[in-house]
Trainee: 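Provided herewith is a single structure, encoded as structure tokens, for subsequent inquiry.
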Amino acid sequence: MILSNITVPLVGLVDTAVIGHLPDGHHLAAVAIGSMIFSIVYWAFGFLRMGTTGLTAQALGAEDPTANRTLLAQSLVMATLIGLCIIMLQTPIIELALHWIAAEPLVTEEARQYASIRVYGAPAVLCNFALLGWFLGNQNSKIPLLLLTVTNLLNMVLDIIAVYGLGMHADGVALASVIAEYGSLLLGLYLCRSILRPMSGQLLAASLTQVRHYTALFQVNRYLFIRTLALLFSMAFFTAQGARQGTDILSANAVLLNFILLISNGLDGFAHATEALIGKRSGRQDMTGFYRTVTTAAIWSAITALLFSLFFWVAGGWVIQLLTSIENVQQQAMIYLPWLIILPLIGVWSFLLDGIFIGATQVKAMQNTMLFSVFCVFIPAWWLLQPLGNHGLWIAYLTLFLARGISGGWVFWQLSRKQQWQITRKASA
């Protein structure tokens with residue numbers, strides 16, 4: 001799972017590296033803004049991955065193959081419909097986002113070109129979320145690794161061809177991403193057969209055409225949706241505040257945000273594995289195995305977080321130079337690098353707790369701790385720290401991760417002390 005997750009930010013790292021070595025800094029800023037827009041749009045529907053994992057793992061633990069098949073089909077239907085809606089609503093989505101960020105005109109126009117291409121990958125991206133969640137829920141981490149590796153390699157090659165071969169800029173990066181996303185979808189659908197072929201059970205047409213059969217998915221996903229919107233609001237707010245400090249700060253923050261993606265996806269390897277294992281233990285009502293999984297994951301997550309901090313301490317400057325050759329951006333990124341060295345040790349607990357809550361489908365707790373952390377900690381901290389400029393913005397962002405870990409730990413302790421872990425019903429077949 002760690003290997004699978006680390007391949008995810010490679011797309012952003014390669015996009016940044018390819019664009020970051022062009023002579024004009026506004027190309028990098030445009031890709032940063034365009035990518036941020038679709039991080040928000042797509043990750044807002046990350047429940048298609050998270051909710052599917054928890055419910056599928058519980059169906060696997062309860063040995064209910066019909067529910068297992070049904071969850072895959074229902075998740076793909078939901079993903080396709082939501083993706084088509086995003087395409088139809090692309091103009092207001094893109095224009096509102098660009099208006100809110102309020103970057104320089106040259107940057108805004110190129111970001112608009114990027115977004116107008118990238119939006120057509122929406123159905124593929126969301127269906128890939130559903131497929132990854134289903135594979136993980138079935139305790140299969142090899143196929144996600146294969147899918148993500150193939151997708152990222154394809155994206156890398158197409159990036160280089162589009163930018164250096166065809167002379168394209170942000171539009172070429174966006175086109176490469178869309179092609180890679182649909183390639184991943186086709187491969188993922190093909191690989192589903194290896195799990196479905198030996199699986200018993202059946203898929204009834206009514207489970208896809210009648211809304212009442214989507215009850216379990218809706219119950220889990222509504223809390224995950226609100227939680228994810230709050231998280232993405234914090235990311236958008238961070239990017240927008242950086243944009244208001246000039247193109248160099250915006251570009252430097254964009255480079256460092258790739259570090260955060262690497263950290264979060266690496267640490268989420270344990271969280272995602274925990275989701276699948278916790279879900280299976282929950283489906284079997286095995287609370288001894290539940291707590292044993294939590295303990296083991298916590299130990300290894302802490303070790304991995306320490307290794308990330310050591311890596312960025314030793315090699316952070318080299319990675320920045322690898323991502324961009326623009327001297328002003330390099331200098332600004334180096335100034336704020338120390339905050340990235342600290343972040344893994346602070347953020348590791350929020351990632352782990354998310355995995356526990358998703359596996360046990362305690363997603364309302366996830367929603368509440370995220371809302372508290374964003375609106376009662378992060379935003380007030382930013383307001384108080386504005387005199388410190390971009391340093392204040394980074395400190396406020398660290399308080400978000402700290403608050404998530406503390407509030408999530410308190411909820412975990414309360415649920416454990418009162419023996420209130422409850423298992424959400426499986427999808428209706």
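The residues of the chain are indexed from 1 along the displayed sequence.
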Trainee: Search all heavy atoms of I346 against all heavy atoms of L398 and return the closest pair with its distance.
Mentor: CG2-O, 3.9 Å
Trainee: For A252 versus A333, what's the shortest heavy-atom pair and its separation?
Mentor: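 Closest approach of A252 to A333, heavy atoms only: CB-N, 3.7 Å.
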Trainee: Indicate, with yes or no, if the rings of F129 and Y42 have centres closer together than 6.0 Å.
Mentor: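 No; Y42 has its ring centre 6.0 Å or more from that of F129.
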Trainee: Do L402 and V377 make a side-chain contact, defined as non-hydrogen atoms from C-beta onward lying under 4.5 Å apart?
Mentor: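 No, every pair of side-chain atoms sits at 4.5 Å or beyond.
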Trainee: Between the main-chain N or O of K142 and the side-chain N or O of N140, is there a donor-acceptor pair closer than 3.5 Å?
Mentor: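 Here the side-chain-to-backbone pair exists.
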Trainee: Measuring from L153:CG to T149:OG1, what's the distance to the nearest 0.5 Å?
Mentor: 6.5 Å
Trainee: Under the side-chain hydrogen bond (donor to acceptor under 3.5 Å, both in side chains) criterion, do T369 and S407 qualify, and how do the steps go?
Mentor: CA-CA 6 Å; T369 57; S407 60; 4.5 Å; no
Trainee: Tell me, do L393 and L385 make a side-chain contact under 4.5 Å, heavy atoms counted?
Mentor: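 No, their side chains stay 4.5 Å or more apart.
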Trainee: When rounded to the nearest 0.5 angstrom, what is the spacing between CD1 in I341 and CH2 in W313?
Mentor: 8.5 Å
Trainee: Compare every heavy atom of Y120 with every heavy atom of Y182, then report the nearest pair and how far apart it is.
Mentor: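 It is OH-O, 2.7 Å.
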Trainee: If the test is side-chain contact (heavy atoms from CB on, under 4.5 Å), which one of I160, L154, N155 qualifies with L158?
Mentor: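 Only one of I160, L154, N155 forms a side-chain contact (heavy atoms from CB on, under 4.5 Å) with L158, namely L154.
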Trainee: Check whether any side-chain heavy atom of T304 lies under 4.5 Å from a side-chain heavy atom of V348, and answer yes or no.
Mentor: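 T304 vs V348: side chains apart.
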Trainee: Would you please indicate yes or no on a ring centroid separation below 6.0 angstrom for W394 and F238?
Mentor: yes
Trainee: What are the two closest non-hydrogen atoms of S184 and T151, and how far apart are they?
Mentor: CB-OG1, 2.8 Å
Trainee: Could you give the distance from NE2 (H391) to OH (Y336), rounded to the nearest 0.5 Å?
Mentor: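 Interatomic distance, H391 NE2 to Y336 OH, rounded to 0.5 Å: 5.0 Å.
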Trainee: Taking S116 for its side chain and Q113 for its backbone only, find out whether a donor-acceptor pair lies under 3.5 Å.
Mentor: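 At least one qualifying donor-acceptor pair exists.
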Trainee: To the closest 0.5 Å, what do you measure between CH2 (W339) and CD1 (I335)?
Mentor: 13.0 Å
Trainee: If we only count heavy atoms from C-beta on, is the I195 to W134 side-chain gap below 4.5 Å?
Mentor: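 I195 vs W134: side chains touch.
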Trainee: So, taking the atom named CH2 in W410 and the one named CZ in F372, what distance separates them when rounded to the nearest 0.5 Å?
Mentor: 10.5 Å
Trainee: Side-chain contact, heavy-atom cut-off 4.5 Å: W382 with I395?
Mentor: no
Trainee: Measuring only between side-chain heavy atoms, which start at C-beta, is Q386 closer than 4.5 Å to Q241?
Mentor: no
Trainee: Just do the side-chain contact (heavy atoms from CB on, under 4.5 Å) check on F233 and I379 with the steps written out, would you?
Mentor: CA-CA 11 Å; F233 168 81; I379 298 300; 3.9 Å; yes
Trainee: Is there a side-chain contact between P344 and L306 in this structure, where contact means two heavy atoms from C-beta onward sitting under 4.5 Å apart?
Mentor: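 The answer is no, as the side chains (C-beta and beyond) never meet within the 4.5 Å cut-off.
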Trainee: Using distance alone, with no hydrogens and no angle criterion, decide if S234 and Y397 have a side-chain donor and acceptor under 3.5 Å apart.
Mentor: no
Trainee: Shortest non-hydrogen contact from L185 to A124?
Mentor: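 Closest heavy-atom pair between L185 and A124: CD2-CA, 3.9 Å.
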Trainee: If you measure only the distance, is there a donor-acceptor pair under 3.5 Å linking the side chains of E327 and Q331?
Mentor: yes
Trainee: Please answer whether the main-chain N or O of E181 pairs with a side-chain N or O of N128 as donor and acceptor at a distance below 3.5 Å.
Mentor: yes
Trainee: Under 4.5 Å between any side-chain heavy atoms of F357 and V411, yes or no?
Mentor: yes
Trainee: Run the side-chain contact (heavy atoms from CB on, under 4.5 Å) test on R227 and D354 for me, step by step, so that the C-alpha distance in whole Å, both residues' side-chain angles and the decisive distance to 0.1 Å come before the verdict.
Mentor: CA-CA 11 Å; R227 172 260 180 193; D354 281 353; 2.5 Å; yes
Trainee: Please step through side-chain contact (heavy atoms from CB on, under 4.5 Å) for the pair T52 and L72, ending with a clear verdict.
Mentor: CA-CA 8 Å; T52 303; L72 172 62; over 6 Å; no
Trainee: Given 3.5 Å as the limit, does a donor-acceptor pair link the side chain of Q245 with the main chain of N390, or not?
Mentor: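 Checked: pair present.
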Trainee: Search all heavy atoms of R404 against all heavy atoms of S350 and return the closest pair with its distance.
Mentor: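 Residues R404 and S350, closest heavy atoms: CB-CB, 3.6 Å.
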Trainee: Nearest 0.5 angstrom please: I406 CD1 to L353 CG, how far?
Mentor: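 Atom-to-atom, I406:CD1 and L353:CG are 11.5 Å apart.
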Trainee: Using only atom types and a distance under 3.5 Å, with no angle test, would you say the side chain of S301 pairs donor to acceptor with the backbone of A298?
Mentor: no
Trainee: If you apply the rule side-chain contact (heavy atoms from CB on, under 4.5 Å), what do you find for L126 with T80, and how did you get there?
Mentor: CA-CA 7 Å; L126 300 186; T80 301; over 6 Å; no
